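Chain A is the first sequence line, chain B the second, and so forth, proteins listed ahead of strands; every chain is numbered from 1. It should be emphasised that the depicted structure is a prediction, and the values quoted were computed from it without experimental measurement.
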Amino acid sequence: MHRTGELYGQFETLEQQKDTAQLGMWIFLVTEVLFFGGMFLTYTINRHAFSAAFGIGGNTLDLRLGGLNTVILIMSSLTMAMAVWAAQVGKKKRVTGFLIATLILGGAFLGVKAIEYKQKYDHHLIPGSTFNVTYCVNNPSSCGLAGKQLEDERREIEEAIKAEENENPGSGLIALNAHAQLYFSLYFAMTGLHALHMVIGAGLLLWLIAQSFGGRFGPGYNTPVEVTGLYWHFVDIVWIYLFPLLYLIDRHN
Amino acid sequence: MQSQLPLYPEQASNFAPQVDALMVFIIAICVFFAVAVTLAIIFFLYKFRRKSTGEIGVAIHGDMRLESAWIVVPLVLALAMFAWGAVVYVDFRRAPTDTLDIYVIGKQWMWKLQQPNGQREINELHVPVGQNVRLIMGSEDVIHDFSVPAFRVKMDVVPGRYNTLWFRPTKTGKFHFYCSQYCGTNHAIMGGWVTVMEPDEYTAWLSGSSGTIANPVLAGEKLFAERSCLACHASDGRGRGPSLNGFFGGKVKLADGSTVTADEEYIRESLFNPSAKIVAGYQPLMPSYQGQLTEEQTLDLISYVKSLQAEPAPSTGAGATPSQGTQTTGKK
Amino acid sequence: MPKVHYLNASYGLKSWLLTTDHKRIALLYLASVTFFFFIGGLFATMIRIHLLTPGGFLVSPETYNKLFTMHGVTMVFFFLIPSIPAIIGNFLIPIMIGAKDLAFPKLNLLSWYIYIIGGCFVLYSFSTGGLDTGWTFYTPLSSIYSNSAVTPAVIGVFINGFSSILTGLNFLVTIHTMRAPGMTWFRLPLFVWAHYATSIIFVLGTPVIAITLLLAGLERMFHLGFFNPAMGGDPILFQHLFWFYSHPAVYIMILPAMGVISEIIPTFARRPIFGYSFIAGSSIAIAVIGFLVWAHHMFLTGESVYAALAFSLMSYLVAIPSAVKVFNWTSTLYKGSISYDTPMLYALGFIGLFLVGGLTGLFLACLGLDIHLHDTYFVVAHFHYIMVGGAVMGYVGGLHFWWPKITGRMYPEFLARIAAVVLFVGFNLTFFPQFVLGYLGMPRRYHSYPPEFQALNVMSTAGASILALGYLLPMVYLVWSLKYGAIAGPNPWPATGLEWKTASPPPTENFDVTPVVDWEPYDFEHRPDLALEPGIGGLLPAHGDD
Amino acid sequence: MSDHIASPKLYVGIFLALMVGTALTVFAAYKDLGPWNIVVALAIATFKATLVVLFFMHAKYSPKRTHLVIICAVFWLGIMLALTLTDYHTRHDFSFLRSPATTVTRSV
Ligand code: HEA
Ligand code: HEA
Ligand code: CUA
Ligand SMILES: [Cu+2]
């Protein structure tokens, strides 16, 4: 009944409405912190217990792709922040532009992630019966491994299972496999959930973009852009932690 | 044994009187508060019942002194309950040094127990009265819990690690033990009896029972050779791994500078997660036996390692049965 | 009754299923939560019947295990946690603070749908193989060994978590930003404070159970090893994560009930509540300290002795704010003008039973005693005293208190008082014997037990049948009252809250004009508008000379 | 509550700082710092996250209430991690400690 323009019925003023939406999103992000937090805790404890296997797991990840994704994601945070800014200062065309840029970057991130997942699949690093940390060193050609890189990886894995190779073929490998598999379970759970958040974010962006074509967001009303921005930046922050924890555990070896 | 409606189970261990005393103490405090509040409510309900329809109460908004009083008094009592409870618990978690060690393995839905001499029992436990007993417990599948109400003791039995529990029976007789952690279909019948005997009866029982005692030390020795432990852990200390002679119960210096006590849990960890604690001066070469050994084999190996005395190295496992009582002394 | 109110503002199934009116959503919750209560109660009844004889004579061991698991899961996640917040809180919080609706009405509706979807998964699990892991889902039993339909159940509870999160989020934001002019923080009804504290737990705790169950579910579906020792994982980690939520969750269940009691007592004692700010503050204290005690469920898992000491100490500290509440309620009766209307009987019953339940919590928090009591029927009795004797009493009492507001009609007072007494008696008969059973050593989750425990079990079962009758009665007369109950009028008790200033049932937008609050909470003295005595409007202090 | 509008320059500055942070983490990861590797990595990540929260998410210009919400998130996450890790770190300190012998052998 009180719908004037963008004001919803339960509110008295636009200010109140904006205030409410922002607080709502912040509180939602708190729940997200604890949601991911449970997983970080699981990660911490397992990593502490099996540092060798986790180190090997981390080193099989492709640092270039991970680094690229970090850059992409931070860039998308920048464009998102700029979209909010454009709305605040009333540059309505640019709002759309920045939102589209953010969406493209987000899509690129997911694309790279898909490539990485595919790679893990090819390298037999998906937890399950086909899981095998040594697949790549045993089949270097199918992993594109060669030269020094191959040597390094082989040395690393060999170090971990050397004893077993001499005396007791088969047993050290099993443990290493089990613990590396734990690493990859966490890797997929964490990056998978992160990617799921990206997908949801992309959906929100699509919805914003559709609306921004009509020039809906300006200095007077930009709550949806701002609130989606908060979410997007949060997803960025999760990655900021995932990247060193998953990719950089044991690089100095 | 007792009346039709007993209020507490028999007191048959050193912990039973302690726990019961604690119970009485807390009951006293709680009954005091419960009665005080209830009487106050009943009195007010009667005294201040509504006497006419339009009547309202007196507007009293609060009283700082009262509020502080009923914060401080319960707080003090609460701390007292905490402290007493903590004393009993710490005692319970720290077994004395002179225990009779019994291995317990829980699996869906039975208990396998093993006396120090290798005598095995299923869902039965025989112990001598007056002797400190320690149960070293592992599980082959899910979490179980070994519980003896008459002793007022209980401890979860968690797969992947050993938990211990100790008590000193003070009364001969037969007492129920239960599985107290829900573990699946037959959780309710995963129990049995503890038989507490006079020490000489116990000794007689140990020697008198069936001739084919599976000697864990012998079995462990066999495994030690079969699983090529021997290849690295030569008794002269010149193998790739440290010599294990006389190592049990002492302190081990680790590569990162810390020390650990060589106990059952540590051996277990060395077997399943050898890279977690590296002995100073050695390389992390030892392979993990995760998934290679059953719980029983693990216990056999541990028994064997424990039996390895510093001097002289035992020639065969025969006669290396751990002496009852003091073999697990913590200090060297 | 007013001509147009939220119930008859529009008609048809669609107007209910697509409503964003918090009052209608509350009724949607009422219907579905009641449904789950029946399911849970049915399981409870079967448990009690089965335990009549030592061998158990009703069902097989597998089935018995499924019964108590499904009983626990339904009662905790689908009945008690949503009960007061999502029904009474949903209905009243906006009205109590003078708002037109919650901050996010669409999310509110969404949270109901999420609840229903979660419920469907759980029902699916129950009907296709059941669930036999215990409501605690301990690994590796749940993730590997159980043969029952764990996966859909875990998914259902996981989904349901988001319903809680949305409700809590909505409440927090609403209480922060939607208060009417003059409704300052310290004029908020204590019911609202209680829900504020509850929402903190919803928002901070629920995500953790979600992720925990997600990991356990993934472990089961894809044979991963997070919590499986055979693959290097740690089952105790699961318990840490589980109880990080599930202990605070017990305060989700009790805090709203405490809020209800804090409304009922001053209303029927007709005087300001004693120690308003202490009751409000203790709600927050419970919510915060409640997060620091979780591992008191794990004293005997072999957790670190130091950790056990810390968690035991914190468990004692969290008892203090509860004590503050009990003492303040009692003092509120002092020099009141007390009537014994049905809601008041429930409130008094609550205090008594919560007292027993809470005090027995002190036995369990005691490290030395928990060695003996852990996982025995003593624990079962403890939590039923708090959850059934406390929280459910509070819930039923609250329903009676606000029934006139919700429906515009009164229930039959005499029958209602009888039901309250029957509930109280039946309850004690059911659960008191279980304390004794527990101390005698009877472990919980046992489908059969040694014969020496039979007498007490029979008593308990007898009590349970009285208890069931006690729940049946209100069901019948509350439904009856919808059509035949006397018209209630806006403020039948009378009470001081803002919700009683609008019509019963309230109009869709709650108030015709946004109210301005210029009175203190629970102040009967300066409120001539209350018309304590119809027609006279006179104010007569109870003990004028004091 | 009127919007505080930050300038694009600031945003780009923050972006560059984040890039530098990323480069720094990778660089540090290749140095063997012993137990400090993880500390450094997390410190840099936290620094980056703080920048994002303060500027991209406008927390710096937000009402006190928002700050409270953020503090709660960090605090509760801290509770969960710290208290659980306490258990893990001290579990073995005690479990195999032994108290002195106490057997009162009964005469037979
Ligand atoms: C609504 C639910 C609810 C509530 C509010 C509580 C409240 C409390 N609970 Fe309870 N509890 C459960 C539900 C609840 N519990 C459930 C479901 C389980 C079992 C889970 C499972 O394993 O399935 C359980 C199990 C449980 C255990 C684990 C037992 C075991 O498995 O071994 C413990 C141990 O510390 C415990 C303690 C407490 C304490 C100290 C409180 C305190 O908050 C109580 C505080 C209240 C009072 C103390 C009364 C008022 C005070 C006074 C009148 C003043 C006098 C006070 C003093 C002198 C201090 N509870
Ligand atoms: C909110 C929570 C809640 C509620 C309300 C209840 C209510 C009841 N509970 Fe339960 N209970 C739990 C939470 C709850 N419980 C939990 C968490 C567990 C642990 C599970 C586990 O171990 O995993 C448990 C376990 C549990 C056990 C232990 C099982 C075991 O360990 O082996 C028992 C045994 O007596 C029991 C009994 C009852 C009874 C008799 C009621 C009664 O109050 C129920 C009364 C209600 C009705 C009967 C339905 C309504 C009435 C009617 C519709 C009238 C018509 C019905 C009839 C005529 C039958 N419950
Ligand atoms: Cu084994 Cu219960
Ligand atoms: Cu608890």
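Of the residues A:L73, A:I74, A:I240, the one that meets the side chain to side chain contact (heavy atoms under 4.5 Å, CB included) test with D:T22 is A:I74.
The shortest heavy-atom contact between D:M57 and A:F234 is CE-N, 4.2 Å. Listed here is the closest heavy atom pair of A:T70 and D:K48: CG2-NZ, 4.4 Å.
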Run the side-chain contact (heavy atoms from CB on, under 4.5 Å) test on D:Y30 and A:L63 for me, step by step, so that the C-alpha distance in whole Å, both residues' side-chain angles and the decisive distance to 0.1 Å come before the verdict.
CA-CA 12 Å; D:Y30 278 99; A:L63 185 55; 3.2 Å; yes
Working for side-chain contact (heavy atoms from CB on, under 4.5 Å), residues A:I249 and D:N37
CA-CA 8 Å; A:I249 304 179; D:N37 271 85; over 6 Å; no
Using side-chain contact (heavy atoms from CB on, under 4.5 Å), reason through A:M80 and D:F56 one step at a time and then give a plain yes or no.
CA-CA 8 Å; A:M80 189 72 227; D:F56 282 176; over 6 Å; no
Does the side-chain contact (heavy atoms from CB on, under 4.5 Å) test come out yes or no for A:T44 and D:T84, once each step is laid out?
CA-CA 11 Å; A:T44 311; D:T84 310; over 6 Å; no
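When ring centroids are compared, A:H48 and D:H89 come within the 6.0 Å threshold.
Taking CH2 from D:W76 and OG1 from A:T31, the interatomic distance works out to 14.5 Å, rounded to the nearest 0.5 Å.
Most heavy-atom pairs under 4.5 Å with chain A: of the set D:A6, D:P8, D:A73, D:A59, this distinction falls to D:P8. Per-residue counts of heavy-atom pairs under 4.5 Å with chain A were compared for D:L33, D:I70, D:I44, D:I14; the largest is that of D:I70.
Proximity to chain A involves both the backbone and the side chain of D:L81, based on heavy atoms less than 4.5 angstrom apart.
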